[in-house]
Amino acid sequence: MGMNMTEKILATHAGLKEVAAGQLVTCKLDMVLANDVTAPPSFKEFEKIGGPVFDNTKIVLVPDHFTPNKDIKSAGLSKAVRDFVNKHNIINYFEVGRGGIEHVILPEKGIVAPGMLTIGADSHTCTYGALGGFSTGVGTTDLAVALATGEAWFKVPEAIKVKLTGTKPAGITGKDVMLTLIDMIGVDGALYKTLEFSGEGVHSLSMDDRLTIANMAIEAGGKNGIFPVDEVTLAYIKNRVKKPYTIIESDADAKYCRTVTINLNELVPVVAFPHLPGNTKKVDEIGDIKIDQVVIGSCTNGRIEDMRIAAQILKGHTVHKDVRCIVIPGSQQVYKESIKKGYIDIFIDAGAAVSTPTCGPCLGAHMGILAAGERCVSTTNRNFRGRMGHVDSEVYLAGPQVAAASAILGKIAQPKDLQ
Amino acid sequence: MALTGKVWRYGDNIDTDVIIPARYLMSFDPQELASHCMVDIDKSFAKNVQKGDIIVGGKNFGCGSSREHAPVAIKASGIPVVIAASFARIFYRNGINIGLPLLEIGKDVEKISAGDKLSVDTATGEIKNITTGDVFHAHPLPGFVEDIAKAGGLINYIKEKRKNA
Ligand code: SF4
């Protein structure tokens with residue numbers, strides 16, 4: 001019987017010829033990831049198992065959440081990560097100033113590739129499905145066991161086929177595609193399931209669009225999101241991925257529990273209202289909603305294309321007097337390229353604050369916490385109650401074009417409102 | 001193992017940011033995490049929860065981040081079992097991995113209210129609502145996931161497996 005992409009990847013990594021949805025399998029892992037919040041607690045569990053790490057070249061540690069350390073406690077967390085790195089000679093460690101946000105740097109540096117099976121102690125590990133691999137988030141204990149054994153257990157998920165038709169119009173971003181999908185299927189619409197993207201519309205999505213979309217599979221409850229490998233993928237991984245990789249394709253008779261179709265031609269800029277990523281509304285239909293802050297960055301929209309889109313809109317404008325606009329390039333490389341291309345000058349001239357790469361405000365850690373009653377338009381992925389600060393603050397999720405236009409007008413807006 | 005406890009009832013999509021907000025993630029001490037558990041939606045929880053009380057949620061309980069701090073905070077609050085219509089998947093595996101039983105009962109959660117007294121057998125999945133007289137059955141744990149639960153969590157399970165290898 002035919003298998004879909006996720007089933008094929010899980011089968012090969014479990015040493016099986018075939019797997020089917022619902023089956024429990026134990027898989028060998030190609031890459032294991034953790035950050036400054038999730039890694040330290042796992043080290044204690046790891047010690048309980050005893051022994052060395054399974055492979056010091058297949059572990060990635062990125063201190064990105066509370067870094068550059070915001071206080072003494074968070075400095076202790078980063079130090080615990082650093083000590084582990086030195087003790088076990090972990091090759092893929094990205095110190096402050098040499099990396100950025102985990103899900104931005106793993107694809108950027110070619111650490112993840114098509115066909116790979118990656119787990120990470122961070123829910124947005126699903127991002128790497130954009131490259132045609134299987135990747136998913138786990139917790140501390142799974143991570144500890146993975147560090148020791150290089151294995152993890154999985155229940156083979158059912159798959160939802162997301163058929164993208166048409167061509168992505170100018171002015172629409174991957175974020176609009178994903179917020180529209182979450183609106184259609186709900187925040188638990190893909191619970192325990194895979195979202196497999198397909199259809200001719202895929203080819204009109206840039207790699208940054210796909211990374212944004214796969215990143216938010218978890219916001220629909222999904223175990224992973226996965227894209228086919230095409231010429232866009234191959235162009236992206238060329239000169240980045242230096243190891244052999246496998247291109248996986250779904251069989252023509254692969255099984256899906258549901259098919260959802262989105263016609264990209266019909267998409268318009270959208271925004272997800274508090275306090276759920278599925279409260280999606282068209283920017284055209286929301287009226288005047290005044291805002292206090294804009295955040296452009298994160299593992300969802302902190303890549304070079306996001307910086308370019310925001311810069312093109314902010315160019316020649318100034319940030320509204322009642323708004324703080326905080327721009328956070330997702331990696332050192334994105335930061336540097338943004339300087340070279342003149343984007344950072346545009347942000348600063350417009351009156352925005354530009355920060356070194358960090359998760360920072362995305363999870364309400366530091367660098368832009370909201371007070372009671374404040375509203376923020378953010379290119380991040382979660383708008384849960386209290387996510388970015390006070391429980392009575394509000395987060396509106398949007399793409400970089402909506403965030404930039406909103407920063408200028410002081411209310412939720414889109415680029416056409418500037419004319 | 002049959003447990004009896006009083007219900008703390010929450011709604012749909014209870015996310016890990018409300019179970020334990022990021023501002024408390026600098027610690028992994030279970031008792032400290034428990035002292036902030038649910039603070040953003042229910043300030044009375046951490047203060048008044050009694051050992052043996054049971055949390056009952058709606059759909060997609062534990063959605064959001066992968067922070068294992070969330071099930072750890074719940075377990076350290078003295079909650080021996082969480083019941084929900086459905087669980088978000090990372091929360092679900094984290095619960096199993098740390099030895100916190102999670103029972104999924106779909107729409108039947110609607111027949112459980114705050115303050116009800118439940119008797120729960122985590123081994124068979126049978127739940128009796130002593131207050132109303134209703135009886136529900138949770139979906140059983142599949143395959144070796146049950147063995148992980150029986151071992152009291154994934155670390156013990158792996159240690160036992162290594163010993164026997
Ligand atoms: S940017 Fe936000 S969502 Fe992404 S890894 Fe950091 S905290 Fe998590």
Side-chain angles (χ1 to χ4, degrees), chain A residues 22-24 26 37-38 40-42 44-45 48-51 65-66 70-74 76-77 120-125 136-145 148-149 153 155 157 186-188 191-193 218-219 221-223 275-276 278 363-365 369 382 384-387 389 391, chain B residues 12-19 21-30 33 39-41 43 58-72 85-99 141-148 153-159 161-162:
Chain A
Q23 192 173 337
L24 286 168
T26 300
V37 172
T38 56
S42 82
K44 283 196 196 122
E45 302 300 311
K48 285 186 200 161
I49 303 170
H65 278 56
F66 296 140
K70 76 183 188 84
D71 56 17
I72 294 167
K73 274 190 181 169
S74 64
L77 292 176
D122 189 278
S123 57
H124 293 101
T125 302
T136 194
V138 299
T140 299
T141 304
D142 272 316
L143 172 69
V145 169
T149 66
W153 65 270
K155 188 166 148 191
V187 290
D188 62 350
L191 198 57
Y192 308 125
K193 297 191 174 72
I218 179 79
E219 268 62 62
K223 184 177 202 128
H275 296 284
L276 271 186
L363 80 159
I369 305 300
R382 291 196 173 130
F384 300 146
R385 190 175 287 282
R387 172 79 177 176
V391 288
Chain B
D12 290 342
N13 301 314
I14 295 300
D15 61 76
T16 52
D17 277 87
V18 307
I19 297 172
R23 57 186 183 277
Y24 304 117
L25 296 185
M26 257 85 73
S27 169
F28 200 66
D29 172 42
L33 292 172
V39 55
D40 282 356
I41 48 162
K43 285 203 171 57
K59 283 194 304 180
N60 203 20
F61 188 92
C63 61
S65 100
S66 66
R67 61 188 71 156
E68 205 162 293
H69 309 66
V72 166
S86 63
F87 291 96
R89 67 158 281 279
I90 305 180
F91 184 89
Y92 189 72
R93 63 185 294 143
N94 287 348
I96 290 166
N97 286 344
I98 65 163
L141 292 175
F144 63 73
V145 173
E146 198 191 335
D147 300 336
I148 297 173
L154 186 63
I155 299 287
N156 288 343
Y157 174 78
I158 294 288
K159 270 168 55 181
K161 239 175 78 175
R162 282 200 164 179

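These numbers come from the heavy atoms of this one structure, side chains and all, not from hydrogens, waters or symmetry mates. Just so you know, these numbers come straight off a predicted model, no measurement behind them. The chains referred to below are lettered A, B, ... by the order of the sequence lines, with proteins before strands, and numbering in each begins at 1.
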**Prompt:** Out of T149(A), D142(A), I49(A), which one racks up the most heavy-atom pairs below 4.5 Å with chain B?
**Reply:** D142(A)

**Asked** Does K73(A) reach the side chain of F66(A), with side-chain heavy atoms less than 4.5 Å apart?
**Response** no

**Fill in**
Okay, Y92(B) and chain A: the region with an atom under 4.5 Å from a heavy atom over there is side chain

**Complete:** Counting heavy-atom pairs under 4.5 Å with chain A, the top scorer among I98(B), L154(B), V72(B) is L154(B)

**Asked** Taking only residues two or more places apart in sequence, or in another chain, which ones meet D15(B) in a side chain to side chain donor-acceptor pair (under 3.5 Å)?
**Response** none

**Asked** So which of R67(B), R23(B), K59(B) has the biggest tally of heavy-atom pairs under 4.5 Å with chain A?
**Response** K59(B)

**Interface residue of largest heavy-atom contact number with chain A, from N13(B), I155(B), N94(B), under 4.5 Å** = I155(B)

**Request:** Name the member of L24(A), V187(A), V391(A), D122(A) that forms the most heavy-atom pairs with chain B at distances under 4.5 Å.
**Result:** L24(A)

**Asked** Is chain B contacted by the side chain of K193(A), its backbone, both, or neither, given a heavy-atom distance below 4.5 Å?
**Response** neither

**Message:** So which residue, L143(A), T26(A), I369(A), T136(A), ends up with the most heavy-atom pairs under 4.5 Å with chain B?
**Reply:** T136(A)

**Request:** Kindly compute the distance separating NE2 (H275(A)) from CG (D40(B)), expressed to the nearest 0.5 Å.
**Result:** 10.5 Å

**Item:** Interatomic spacing from CZ in R93(B) to NZ in K155(A) - rounded to 0.5 Å
**Value:** 11.5 Å

**Atom group of I218(A) that falls short of 4.5 Å from chain B, counting heavy atoms** = side chain

**Asked** Quick one: do D17(B) and R387(A) make a salt bridge, cutoff under 4.0 Å?
**Response** yes

**Message:** Heavy-atom cut-off 4.5 Å, strictly under: side chain, backbone, both or neither for S42(A) against chain B?
**Reply:** neither

**Message:** Given 3.5 Å as the limit, does a donor-acceptor pair link the side chain of Y192(A) with the main chain of F87(B), or not?
**Reply:** yes

**Request:** Flag the one option from P157(A), G386(A), A144(A), P41(A) with the top tally of heavy-atom pairs under 4.5 Å to chain B.
**Result:** P41(A)

**Message:** Using heavy-atom distances under 4.5 Å, tell me whether R382(A) contacts chain B through its side chain, its backbone, both, or neither.
**Reply:** side chain

**Message:** Using heavy-atom distances under 4.5 Å, tell me whether L77(A) contacts chain B through its side chain, its backbone, both, or neither.
**Reply:** side chain

**Inter-residue atom distance T38(A).OG1 - L25(B).CG, 0.5 Å rounding** = 10.0 Å

**Request:** Select one option (side chain, backbone, both, neither) describing which atoms of A365(A) are under 4.5 Å from chain B's heavy atoms.
**Result:** neither

**Asked** Are N60(B) and L191(A) close enough that some pair of their side-chain heavy atoms sits under 4.5 Å apart?
**Response** yes

**Asked** Yes or no on side-chain hydrogen bond (donor to acceptor under 3.5 Å, both in side chains) for D71(A) and S74(A), after CA distance, side-chain angles and deciding distance?
**Response** CA-CA 6 Å; D71(A) 56 17; S74(A) 64; 2.9 Å; yes

**Item:** Partner set under side chain to side chain donor-acceptor pair (under 3.5 Å) for D188(A), not counting sequence neighbours
**Value:** none

**Prompt:** Quick one: of G64(B), G153(B), P21(B), who has the most non-hydrogen atom pairs under 4.5 Å with chain A?
**Reply:** G64(B)

